[in-house]
Amino acid sequence: MPKVVIGSDHGGFELKEHAKEVLLEMGYEVEDAGPESAVSCDYPLYATKVASKIKGDVLGILICGTGLGMSMAANRQKGIRAAMCTNEYMAKMAKAHNDANILCLGARVIGIGLAEEIIKAFLTTEFEGERHMRRINQIDGL
Ligand code: RB5
């Protein structure tokens, strides 16, 4: 089971706490990069913290109000392919075709039940490689 590093801002704090329990129940090792409370904070800090821990098969989950700020900030980090997903199909394709290494969620956009399904789809889908690898290499060369 790969390790999952999770982080949020205040907008995603409550869902982060719930997601941690779901991940532990699924058997994943979980590292919480913060924050430790729902006090207002800045999402780029936590996006950077989580992104810095993505190596090998370690995956990340970032949660803010919309998932947008987290994905923008995370995707500025070298080697990061952060995907903001609002449904299971996006989460599956983010892994299967884009080999995403961070899942971004918007806690003010989706409910807890859907968030759980998206997380499960993301973590259990494998990258398909082949032609998709060529395209990932092209992203890395940008
Ligand atoms: C915080 O109010 C909100 O802007 C943040 O959680 C996120 O949605 C940004 O993209």
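Whatever order the structure lists ligands and atoms in, that order sets their numbers, starting from 1. Every value quoted in this text rests on a predicted model; they were computed, and no experiment measured them.
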**Student:** Which residue and non-hydrogen atom of the protein lie closest to atom 8 (O) of ligand 1, and at what distance in Å?
**Tutor:**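 Its nearest protein heavy-atom neighbour is T66 N, 3.0 Å.
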
**Student:** Are F13 and Y46 connected, step by step, through hydrophobic side chains (Ile, Leu, Val, Met, Phe, Trp, Tyr) whose heavy atoms are closer than 4.5 Å?
**Tutor:**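 No.
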
**Student:** Identify the closest protein heavy atom to atom 1 (C) of ligand 1: which residue and atom is it, and at what distance?
**Tutor:**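 The answer is H10 NE2, 3.6 Å.
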
**Student:** Determine the minimum heavy-atom distance between M70 and C104, stating which atoms define it.
**Tutor:**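 Closest approach of M70 to C104: C-SG, 4.1 Å.
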
**Student:** How far is atom 9 (C) of ligand 1 from its nearest protein heavy atom, and which residue and atom name does that atom have?
**Tutor:**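 Minimum-distance protein heavy atom for atom 9 (C) of ligand 1 reads Y43 CE2, 3.5 Å.
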
**Student:** Both conditions, 6.0 Å and 45 degrees, for the charged tip of K95 above the ring of F122: are they met here?
**Tutor:**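 So K95 does make the cation-pi contact.
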
**Student:** Tell me the protein heavy atom at minimum distance from atom 6 (O) of ligand 1, and give that distance in Å.
**Tutor:**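 Nearest neighbour among protein heavy atoms for atom 6 (O) of ligand 1, to 0.1 Å: D9 OD2, 2.6 Å.
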
**Student:** Under a 4.0 Å heavy-atom limit, does R108 contact ligand 1 with its side chain, its backbone, both, or neither?
**Tutor:**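 The side chain, only.
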
**Student:** Got the closest protein heavy atom to atom 10 (O) of ligand 1, with its distance?
**Tutor:**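 For atom 10 (O) of ligand 1, the nearest protein heavy atom comes out as G69 N, 2.8 Å.
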
**Student:** So is G65 polar-close to ligand 1, meaning N/O to N/O under 3.5 Å?
**Tutor:**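 The answer is yes, given that G65 and ligand 1 share an N or O pair closer than 3.5 Å.
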
**Student:** So which atom in T124 and which in K120 form the shortest heavy-atom distance, rounded to 0.1 Å?
**Tutor:**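 Looking at all heavy atoms of both residues, the shortest contact is OG1-O, 2.7 Å.
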
**Student:** May I ask you to list the atoms of ligand 1 that are less than 4.0 angstrom from any heavy atom of C64?
**Tutor:**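 Those qualifying, in numeric order: 6 (O), 7 (C), 8 (O), 9 (C), 10 (O).
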
**Student:** Quick one: closest heavy-atom pair of A74 and L62, and the distance?
**Tutor:**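 Between these two residues, the closest heavy atoms are CB-CD1, 3.8 Å.
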
**Student:** Write down the atom of T86, the atom of I110, and the distance for their closest heavy-atom approach.
**Tutor:**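 Here T86 and I110 meet closest at O-CG2, 4.0 Å.
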
